[in-house]
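Proteins come first, then strands; the chains are lettered A, B, ... in the order of their sequence lines, and each starts at number 1. Remember, predicted model here, so these are calculated numbers, not experimental data.
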Amino acid sequence: MAKEKAARVIYWHRTDLRLHDSPALQAALDLEPECLWPVWTWDSHYVYRARVGPNRWKFLIECQKDLSASITKLNPKSQLFVLREAPQTLFPKLFRSWRVTHLVFEKDTDAYARERDEMILKFAQEAGVEVIVKTGRTLYDPDLLVKENHGKPTMSITTVQNLAKKLGTVPRPIPAPRTLPDPGHTDIDFEQERPCHTPDHNNVQRNQADNSYSTLSGPFDDFSVPTMEELGLKPATTPHKGGETVALRMLDEIIKNKDYTATFEKPKTAPTAFSPQATTLLSPYLHFGSLSCREFYWRVQDIVNSYKGNASFPPVSLTGQLLFRDMYFGAQAALGYSFGQSYNNPYCRFIPWHLPSKINTAKKLITGEYEIDSPVAEEYFQRWKQGRTGFPWIDALMRQLKVEGWIHHLGRHAVACFLTRGGCYVDWERGAEVFEEWLIDHESACNIGNWQWLSCTAFYSQFYRCYSPIAFPQKWDKEGHFVKEFVPELERFETKYIYEPWKAPIVDQKKWGCLIKGDRPVEEGGYKTYPKPMFDFSERREICINGMKNAYQIGLFGDDPKVLDGTWRELFDNSAEGPTKGKQGPPGAMVGEDATQDSGGSEAKATRKRRGGTQSTLDALLKRSRQ
DNA sequence: TTTGATGTTGCGATT
DNA sequence: TAATCGCAACATCAA
């Protein structure tokens with residue numbers, strides 16, 4: 001159907017801070033618009049609800065500034081127009097005010113994005129605005145993957161590889177446009193609506209007033225990208241820089257090394273390598289869409305196809321990494337909100353982890369808060385988060401994560417295994433929240449999927465394969481260079497003790513300027529200190545494996561009625577690892593008046609008495625170690 | 001329905 | 001030093 005009037009198009013950037021290979025941008029340009037506004041809406045969901053540390057804020061801002069500059073290079077009248085209002089309230093006003101005919105954007109399939117985009121679609125229909133949505137964030141449209149998988153989530157890489165075969169070759173990337181239309185007028189003849197600030201998960205990230213929403217078009221009325229200071233954020237510490245320009249330059253460098261590109265095998269890359277790291281570090285660019293995954297795929301594939309030696313193959317090869325990404329997107333697309341939690345997730349095993357999420361049972365959603373069922377587990381969790389477990393390998397990784405916003409994939413495995421099934425027996429959702437806060441490449445689908453994988457709640461089940469915080473890093477970095485970089489307290493320690501510094505004789509500890517004592521690093525009497533290990537690893541490993549074995553045998557999944565109503569406790573022995581005491585209840589898992597009660601009714605109390613105590617294995621262990 | 005193979009990336013002992 | 005194997009063990013997938 002031919003359009004009567006010239007198109008006035010808003011191109012809504014969200015997951016695609018780039019000009020190269022954007023099917024959605026191409027669709028917008030195909031309309032031959034009379035005017036085109038490249039727009040970013042400062043979504044309050046990201047500002048207040050998502051967990052975003054200063055490093056990812058900085059990366060996002062750099063991606064936006066780079067894109068805006070590239071737009072202006074193609075058309076000096078244009079830029080990325082940043083509008084500081086939630087899209088749900090902004091667009092209806094904008095459609096009217098700017099006489100918009102089309103809204104174009106790249107498809108986003110996470111649960112919140114779908115809800116938001118449905119609403120925007122409705123507003124657009126009401127305003128007579130045509131909406132065009134194109135896939136471009138993944139190799140395959142996640143909804144199409146799911147459809148080909150008979151509506152089921154994609155839970156294994158072989159499944160995805162087979163589906164990919166059926167769906168055919170990944171399309172070649174589209175070159176960046178050489179020209180861009182003028183934007184239309186940008187007069188604002190309406191009031192800015194400021195979003196609800198509470199709950200504000202990012203309050204901890206700020207040290208100044210939050211001016212995210214001071215005005216609609218920014219303090220200089222020029223729709224420019226906000227600064228860290230305007231957002232009130234603490235300074236970023238990451239050395240990694242965002243933007244399409246940097247991303248394409250990095251890709252060029254990687255591709256230049258044909259051997260690396262064609263023979264890459266993820267399991268053979270060292271998690272202890274830093275400056276330079278052993279993997280590409282392109283993930284944050286893929287996350288913000290400043291690098292197109294199809295661009296990456298084909299640049300790699302062309303090298304592989306012409307490679308004379310033995311090239312690697314998916315799933316371990318570079319393109320295989322993109323297939324894993326698609327797998328997680330496919331799982332998320334099929335499961336929606338339940339993908340992000342154990343509760344009500346039919347594909348997620350039920351394990352009675354410590355520090356379980358509080359649940360809003362009416363909505364069947366986790367609330368973002370958690371229950372401290374065991375003070376010891378909470379201490380383990382805090383020490384893990386702050387990089388003071390006393391295991392140098394774990395602490396080095398957690399410190400690198402906090403400072404730089406990126407750690408190697410196998411490093412993520414190590415700390416995730418340690419927090420969950422291979423050490424602390426703490427809920428994977430706690431770990432996923434920390435990663436969400438600190439990773440510059442945080443992609444909800446991949447993060448959630450990887451945490452489920454490592455905790456053996458979904459995707460993977462061989463819980464008896466457990467990462468040792470000593471043997472595993474030793475395999476990669478005998479000298480302990482990585483540890484010495486990120487845990488400088490230990491920089492003078494002998495190689496022999498680098499992963500087990502508590503075994504070093506006191507005289508040597510003194511000689512090397514660091515005493516192994518306490519639960520946090522401090523300066524003391526002329527010496528540095530580094531913590532003692534917070535538990536005996538092999539002891540904890542055994543407890544965890546037994547806990548997992550038991551939970552696997554009981555065999556509940558997140559959508560089991562017993563999980564939903566809390567009566568799962570009937571199936572667990574009181575002494576089983578985790579908050580299993582009492583036979584009733586969901587206490588601990590409920591929100592509302594009953595949420596804070598520790599255990600069920602009189603029957604539970606009777607049972608507890610009969611069994612002679614309610615102490616979990618964890619607390620018993622601690623008590624023993626203090627004696 | 002049963003069966004056999006497989007599963008991105010473990011550990012530790014042995015060769 | 002690097003490669004191989006047994007370990008103890010289970011869900012999923014394809015045939």
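Considering only side-chain atoms of A:P315, the nucleotide from C:dC10, B:dC11, B:dT8 that sits closest is B:dT8. For A:Y467, whose side chain is taken as the heavy atoms from C-beta onward, the closest listed nucleotide among C:dC10, B:dC11, B:dT8 is B:dC11. The side chain of A:P267 sits closest to B:dT9 out of B:dT9, C:dC13, C:dC10. Closest to the side chain of A:T158, from the set B:dT8, B:dG12, C:dA11, is B:dT8. Closest approach to the A:Y460 side chain among C:dC10, B:dT8, B:dT9 is made by B:dT9 (side chain taken as heavy atoms from C-beta onward).
In this structure, A:Q462 atom CD and C:dC7 atom C1' are separated by 12 Å, rounded to whole Å. As rounded to whole Å, 8 Å separates atom C1' of C:dA11 from atom CZ of A:F557. Rounded to whole Å, atom P of C:dA14 lies 9 Å from atom NE2 of A:H150. As rounded to whole Å, 11 Å separates atom P of C:dA9 from atom CZ of A:R541. Rounded to an integer number of Å, the gap from A:R349 CZ to C:dA11 P is 5 Å. To the nearest angstrom, P of B:dT9 lies 11 Å from CZ of A:F472. Atom CD1 of A:I470 is separated from atom P of B:dC11 by 11 Å (rounded to the nearest Å). The distance between atom CG of A:N546 and atom C1' of C:dC10, rounded to the nearest whole Å, is 16 Å.
Atom name P, nucleotides C:dG6 and B:dT8: the rounded distance is 22 Å, in whole Å. Comparing the same atom, P, in C:dC10 and in B:dT1 gives a spacing of 22 Å after rounding to whole Å. Rounded to whole Å, the separation between the P atoms of C:dA8 and B:dT6 comes to 22 Å.
Residue A:K268 has no polar side-chain atom (N or O) positioned under 4.0 Å from OP1 or OP2 of B:dT9. OP1 or OP2 of C:dA14 sits under 4.0 Å from a side-chain N or O of A:N162.
A cation-pi arrangement, defined by a distance under 6.0 Å to the six-membered ring centre and an angle within 45 degrees of its axis, is present between A:R349 and A:Y552.
Residue side chain A:Y464 fails the stacking definition with respect to C:dC7, as its ring centre and the base's six-membered ring centre are not both under 5.5 angstrom apart and under 30 degrees in plane angle.
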Report the C-alpha separation of A:S357 and A:E429 in whole Å, then their side-chain angles, then the decisive distance to 0.1 Å, and conclude whether the side chain to side chain donor-acceptor pair (under 3.5 Å) test is met. CA-CA 7 Å; A:S357 292; A:E429 290 164 17; 2.3 Å; yes
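Counting any heavy atom pair closer than 4.0 Å across all strands shown, A:S468 reaches sugar-phosphate atoms only and no base atom. Base engagement by A:Q321 is indicated by at least one non-hydrogen atom pair under 4.0 Å involving a base atom. Here A:W476 lies out of heavy-atom contact (under 4.0 Å) with every strand.
As the counterpart of C:dA15, B:dT2 is assigned, both hydrogen-bonding distances of the Watson-Crick or G-U wobble pattern falling under 3.5 Å. B:dT9 makes up no base pair with any nucleotide shown, lacking Watson-Crick or G-U wobble contacts both under 3.5 Å.
Aromatic rings from A:Y497 and A:W502 are positioned such that their centres are separated by 6.0 Å or more.
If A:R465 and A:Q553 are placed on DNA chain C by their nearest nucleotide, the residue sitting closer to the 5' end is A:R465.
Contact check on A:R249 versus A:E253 returns no salt bridge, with no Lys/Arg side-chain nitrogen under 4.0 Å from an Asp/Glu carboxylate oxygen.
Inspection of the A:D441 and A:S283 side chains reveals an N or O donor paired with an N or O acceptor under 3.5 Å. Looking at A:D108 and A:T15, their side chains never bring a donor and an acceptor atom within 3.5 Å of each other.
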